[in-house]
Amino acid sequence: MTAIPIADRLQRMRPSYIRDILRAASADNVLSLAGGLPALELFPMRQIEAAMQTVGKQAQLFQYGETRGYPPLLDYLRDLLAIPADHDLLISNGSQQGLDLIARAFLNPGDVVVVEAPCYLGALQVFELADAAVRLVAQTPQGPDLQQLESLFAAGDVRLFYAVPDFHNPTGICWSLATRERVAALCEQFGVLLVEDAPYRNLRFAGEELPLVAAALPSQALVLRSSSKISTPGMRLGMVSGPRQFIDALVLVKQAADLHTNVPLQAALLEVISQASFPRHLARLRVCYRRRYRALLGALQAQGWQPAAVCGGMFVWLELEDIDARALAAEALRCGVAVVPGEAFYPADVAVRPALRLNFTHCNEQAIEEAVARLAVAIETLQRQDAG
């Protein structure tokens, strides 16, 4: 039988560590600090059940829909988010699809993309699949290293800067206001398209809300948002907003990709988020996640570890000394706790300091404390092996 090769770009692409570990992390005896999983018990199931019943009575919702999205949902979001008159919206199959559409619409093979280091691994996969040339900018506690970013932009040919300014995945860093303003100015100066990924903005539990970077760069920025972190991730509904001509380009790509996003689920989401009770649901999420974050921070500190503090989101970044983070993740899984090694958030050929990304939203406080205890056992086991 003749062998049919797959595309070269796919052969170079690494699988997602998190997607690969998901099945093992969901086993009954495993506590997961790995995936970015929201709290299952806080899903707004009563509202979703009522919404599904309402949707199920409307046959027209089960017909083909518009590529941009379900018009009543788009209208609601335009008002809620104060989208400018010359901007538009597109509903996508999760914000991950939105990012893929952006890469297909705006990147040619070899185009230079700058990302924060470390970087959301789903973004790295998208840019690898697009055959982009990925350049890294180091992070500081205030956001990207601005001097290094300017140097990268000044070198020329940078097409796109992908960033997560609010509670960055994986580090949890939130950019300062000064950093936001400077990044917007640099993108404008050098003609770089900003792609601002903002799935965690509604999960701030400390400090003051800061403006989107895109607000200072309205003519050359796209914003990705997600319903996964505030309703349910299984609905797989995201949104892209930006200048109308940019969204028109994404619509053309989406037509070729999947025609349109699931219309009944869009209608159900509108039913859920437009209810007067939904802001209270968000407030409960923030209160719960603050408690769980404090539990994780306290448990790590009790072991002598000092992760950087965060003010929201879903993750902390724990830097380690003299240990193989991937080997630690494997040993931790044998000890009954799932974690993600930091190297998963870098291109394959980059040497990195050992670190772990730890999620604090999925497990309750008691489970978080037990998970950290199991992680400590895994570290001790590796250290004994190294010493032997």
Side chain proximity check, Leu375 to Leu33, heavy atoms < 4.5 angstrom: no

Which atom of Asn93 lies closest to which atom of Thr261, heavy atoms considered: N-OG1, 3.6 Å

When you compare the side chains of Asp258 and Gln97, does any donor N or O come within less than 3.5 Å of an acceptor on the partner? yes

Is Ser176 reaching over with its side chain to a backbone N or O of Thr179, donor-acceptor style, under 3.5 angstrom? yes

Do Ser231 and Leu269 come within less than 4.5 Å of each other through their side chains, counting heavy atoms only? yes

Would a distance-only check, ignoring hydrogens and angles, find a side-chain to backbone donor-acceptor pair under 3.5 Å from Thr361 to Leu37? yes

Go through the steps for Val115 and Val134 under the test side-chain contact (heavy atoms from CB on, under 4.5 Å), then give the verdict. CA-CA 7 Å; Val115 303; Val134 175; 3.8 Å; yes

Taking C-beta and beyond as the side chain, do Leu107 and Phe127 meet within less than 4.5 Å on heavy atoms? yes

Under 4.5 Å between side-chain heavy atoms, counting indirect links through other Ile/Leu/Val/Met/Phe/Trp/Tyr residues: same cluster for Val137 and Val113 or not? no

Can you name the nearest heavy-atom pair linking Leu152 to Leu136, along with the distance? CD1-O, 3.6 Å

So, does His281 use its side chain to make a donor-acceptor pair with the main chain of Ile230 at under 3.5 Å? yes

Should Leu89 and Arg68 count as side-chain neighbours, where that means a heavy-atom distance under 4.5 Å? no

Check: Asp197 and Tyr162 side chains under 4.5 Å, non-hydrogen atoms: yes

Trp175 backbone acceptor or donor facing Arg180 side chain under 3.5 Å: yes

Any side-chain to backbone donor/acceptor pair from Gln220 onto Leu194? Under 3.5 Å, distance only. no

Using a strict 4.0 Å threshold on nitrogen-to-oxygen distance, state whether Arg244 and Asp248 make a salt bridge. no

Mind checking whether Leu81 and Ser241 have side chains closer than 4.5 Å, heavy atoms only? no

Hey, is Arg294 close enough to Glu365 for a salt bridge, meaning N to O under 4.0 Å? no

Val316 side chain reached by Trp305 side chain, heavy atoms, under 4.5 Å: no

Could you walk me through whether Lys57 and Glu271 pass the salt bridge (Lys or Arg N to Asp or Glu O under 4.0 Å) test, one step at a time? CA-CA 13 Å; Lys57 298 174 183 177; Glu271 289 283 335; over 6 Å; no

Keeping His87 on the side-chain end and Ile247 on the backbone end, is there a donor-acceptor pair under 3.5 Å? no

Which atom of Pro233 lies closest to which atom of Phe43, heavy atoms considered: CD-CZ, 3.6 Å

Does the side chain of Cys174 come within less than 4.5 Å of Val310's, by heavy atoms? no

Check whether Glu116 reaches the backbone of Val164 with its side chain - one donor and one acceptor, N or O, closer than 3.5 Å. yes

Partner of Glu209 under salt bridge (charged side-chain N to carboxylate O under 4.0 Å, His left out), chosen from Arg201, Arg286, Arg204: Arg201

Carefully, step by step, assess Phe190 and Glu150 under the rule side-chain contact (heavy atoms from CB on, under 4.5 Å). CA-CA 9 Å; Phe190 291 100; Glu150 183 173 3; 4.2 Å; yes

Arg46/Glu49 salt bridge by N-O under 4.0 Å criterion: no

Just by distance, do the side chain of Gln148 and the backbone of Ala138 share a donor-acceptor pair under 3.5 Å? yes

So does Asp157 have more than 12 non-hydrogen atoms from other groups sitting under 6.0 Å from CG? no

Judged by modelled atom types alone, do Asn262 and Arg236 share a side-chain donor-acceptor pair under 3.5 Å? no

Closest non-hydrogen atoms of Val55 and Ala268, given as atom of the first, atom of the second and distance, are CG2-N, 3.6 Å

Please confirm whether the backbone N or O of Leu259 pairs with a side-chain atom of Tyr64, one donor and one acceptor, at under 3.5 Å? no

